[in-house]
Structure formats: C-alpha cells, structure tokens
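A short worksheet on the structure shown next.
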Amino acid sequence: MEKVLIVDDDDSYRYSLEKVLSRAGYDTQGASNGKEALKMLTAFKPAVVVTDIIMPDMDGLELVLEVSKRGNVKGIITISGFVEPSNKLSYLDTALEFGASYAFSKPVNMDQLVESVGKILHES
C-alpha cells in the first residue's frame, strides 16, 4: 500500500484529507507543519506528500524545497487557501517552480486530489 503524508496546520482539514485518501486505498499519516513532516519522512517513507503552504514553524514552500532536494518521494502536491488579490495563484505557482507536481486552491476538489496522487504514483 502506497503511503501519503498530509501536512496541514488545520487539524480538521488535514483529517478530512487523510480520510479521503485512506478510503482511496492509501496508507496516510498527518503532520501539522513542515518541521514535523521532515521528521516523519525517514520513519514513514511516504511516496507522496500533500502539503498546505501557509503554516507555522516551516511553511509548505520550504517543505517543497527540502523534500525535492532529498529526492525520496515520487511527488508533492501543494494546496493553499490563501488568496492574494493581485495574483490568486502566486504561492501555488511558486510551489510548482520549487518542485511540486500539482498545486490546488482550497477547498481542494477531493476527486481531483485522489486522481493526482494516482497519477504521481503511476508516472514514477
């Protein structure tokens, strides 16, 4: 069973993502920030990381850079609820430039999320 690490400081949103991906057949674990996620990479060994961007301690952009540098996951999906009036997708675009495979605005379409995880795993 493929493993997916879900990183979001909003406990209820993270739980929702874990539940959806678990029902889709993935082994999921959650982390509340980037620092916690980095600690879990070695022990949990996820194939995919799904991360929020705006979080305390270590944000999702820093996490994307670090995970990409380590090269030990098949793909990264970023999500963000932050909307900048002048450029709605600026953080998401930056995440893609930093190495994310997919970037979605919150609330993410759960079917699209599951499909994206599947694409990452089957393209690798």
Side-chain angles (χ1 to χ4, degrees):
M1 181 182 296
E2 296 283 3
K3 297 179 179 182
V4 180
L5 177 61
I6 299 147
V7 189
D8 198 309
D9 60 323
D10 180 332
D11 294 340
S12 62
Y13 196 76
R14 184 178 65 246
Y15 177 75
S16 295
L17 296 177
E18 287 181 60
K19 193 172 180 179
V20 166
L21 290 168
S22 181
R23 285 184 183 159
Y26 300 108
D27 181 8
T28 63
Q29 282 195 11
S32 61
N33 61 59
K35 284 185 179 180
E36 188 179 320
L38 287 178
K39 291 176 186 175
M40 294 176 74
L41 285 177
T42 306
F44 183 57
K45 296 183 173 72
V48 177
V49 173
V50 177
T51 184
D52 187 18
I53 293 178
I54 307 298
M55 297 181 292
D57 296 323
M58 175 187 256
D59 68 36
L61 294 176
E62 292 173 291
L63 181 61
V64 169
L65 283 172
E66 186 60 35
V67 171
S68 296
K69 184 172 73 174
R70 292 181 183 198
N72 55 353
V73 301
K74 295 179 181 179
I76 306 164
I77 298 172
T78 56
I79 54 178
S80 182
F82 182 78
V83 177
E84 212 176 270
S86 62
N87 185 357
K88 183 178 179 183
L89 299 177
S90 64
Y91 283 124
L92 298 175
D93 290 338
T94 302
L96 292 169
E97 290 176 20
F98 283 4
S101 305
Y102 295 95
F104 300 111
S105 295
K106 281 184 179 178
V108 66
N109 176 306
M110 295 299 185
D111 291 334
Q112 194 174 25
L113 177 65
V114 171
E115 180 182 328
S116 299
V117 170
K119 284 182 181 179
I120 288 169
L121 295 172
H122 292 102
E123 289 171 358
S124 303

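Values below: all heavy atoms of this structure, side chains included; hydrogens, waters and symmetry mates excluded.
With Ile6 as the fixed residue, the side chain to side chain contact (heavy atoms under 4.5 Å, CB included) test singles out one of Leu17, Val48, Ile79, Val20: Leu17. Under the side chain to side chain contact (heavy atoms under 4.5 Å, CB included) test applied with Val64, the options Thr94, Val49, Thr51, Asp59 reduce to a single match, Thr51. Just one residue in the list Glu115, His122, Glu123 forms a side-chain hydrogen bond (donor to acceptor under 3.5 Å, both in side chains) with Lys119, and that residue is Glu115.
Of all non-hydrogen atoms in Met40 and Gln29, the two that sit nearest each other are CE-OE1, 3.0 Å. Annotation for Tyr26 and Val117: closest pair CZ-CG1, 3.6 Å, computed over non-hydrogen atoms. Of all heavy-atom pairs spanning Ala24 and Val114, the tightest one is CB-CG1, 3.7 Å. In this structure, Ile76 and Gly99 approach most closely via the heavy-atom pair CD1-O, 4.4 Å. Contact detail for Asn33 and Pro56: the closest heavy-atom pair is CB-O, 3.3 Å. Nearest approach of Met110 to Ser16, heavy atoms of both residues: CE-CB, 4.4 Å.
In this structure Lys3 satisfies the salt bridge (charged side-chain N to carboxylate O under 4.0 Å, His left out) test with no other residue, sequence neighbours excluded. For Glu66, the salt bridge (charged side-chain N to carboxylate O under 4.0 Å, His left out) criterion is met by Lys69, Arg70, not counting sequence neighbours.
At a threshold of 4.0 Å, the pair Lys106-Asp52 counts as salt-bridged, since one of the basic side-chain nitrogens sits closer than that to a carboxylate oxygen. The existence of a salt bridge linking Glu2 and Lys74 is confirmed by a sub-4.0 Å separation between a basic side-chain nitrogen and an acidic carboxylate oxygen.
Here CE of Met55 is found 9.0 Å from CD of Glu62. Values are rounded to the nearest 0.5 Å. To the nearest 0.5 Å, the span separating CG on Asn72 from OG1 on Thr42 amounts to 7.0 Å. Between the OH atom in Tyr15 and the OG atom in Ser22 there is a gap of 9.0 Å [rounded to 0.5 Å].
Arg14 places no side-chain N or O within 3.5 Å of a backbone atom of Val7 that could act as its donor or acceptor partner.
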For Phe104 and Thr78, run side chain to side chain contact (heavy atoms under 4.5 Å, CB included): C-alpha distance rounded to whole Å, both residues' side-chain angles, the deciding distance at 0.1 Å, then the answer.
CA-CA 6 Å; Phe104 300 111; Thr78 56; over 6 Å; no

Given side chain to side chain contact (heavy atoms under 4.5 Å, CB included), test Leu38 with Met58 step by step and report yes or no.
CA-CA 10 Å; Leu38 287 178; Met58 175 187 256; 3.5 Å; yes

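For residues 95-104, no residue pair satisfies the side-chain hydrogen bond (donor to acceptor under 3.5 Å, both in side chains) rule, not counting sequence neighbours.
A heavy-atom distance below 4.5 Å is not found between the side chains of Val50 and Leu5. Put simply, the side chain of Val4 does not reach to within 4.5 Å of the side chain of Phe44, judged on heavy atoms.
Residues Glu36 and Ser32 have side chains that bring a donor and an acceptor to within less than 3.5 angstrom of each other.
Note on Ile54 and Leu96: separate hydrophobic clusters, where clusters join Ile, Leu, Val, Met, Phe, Trp and Tyr whose side-chain heavy atoms are under 4.5 Å apart, directly or indirectly.
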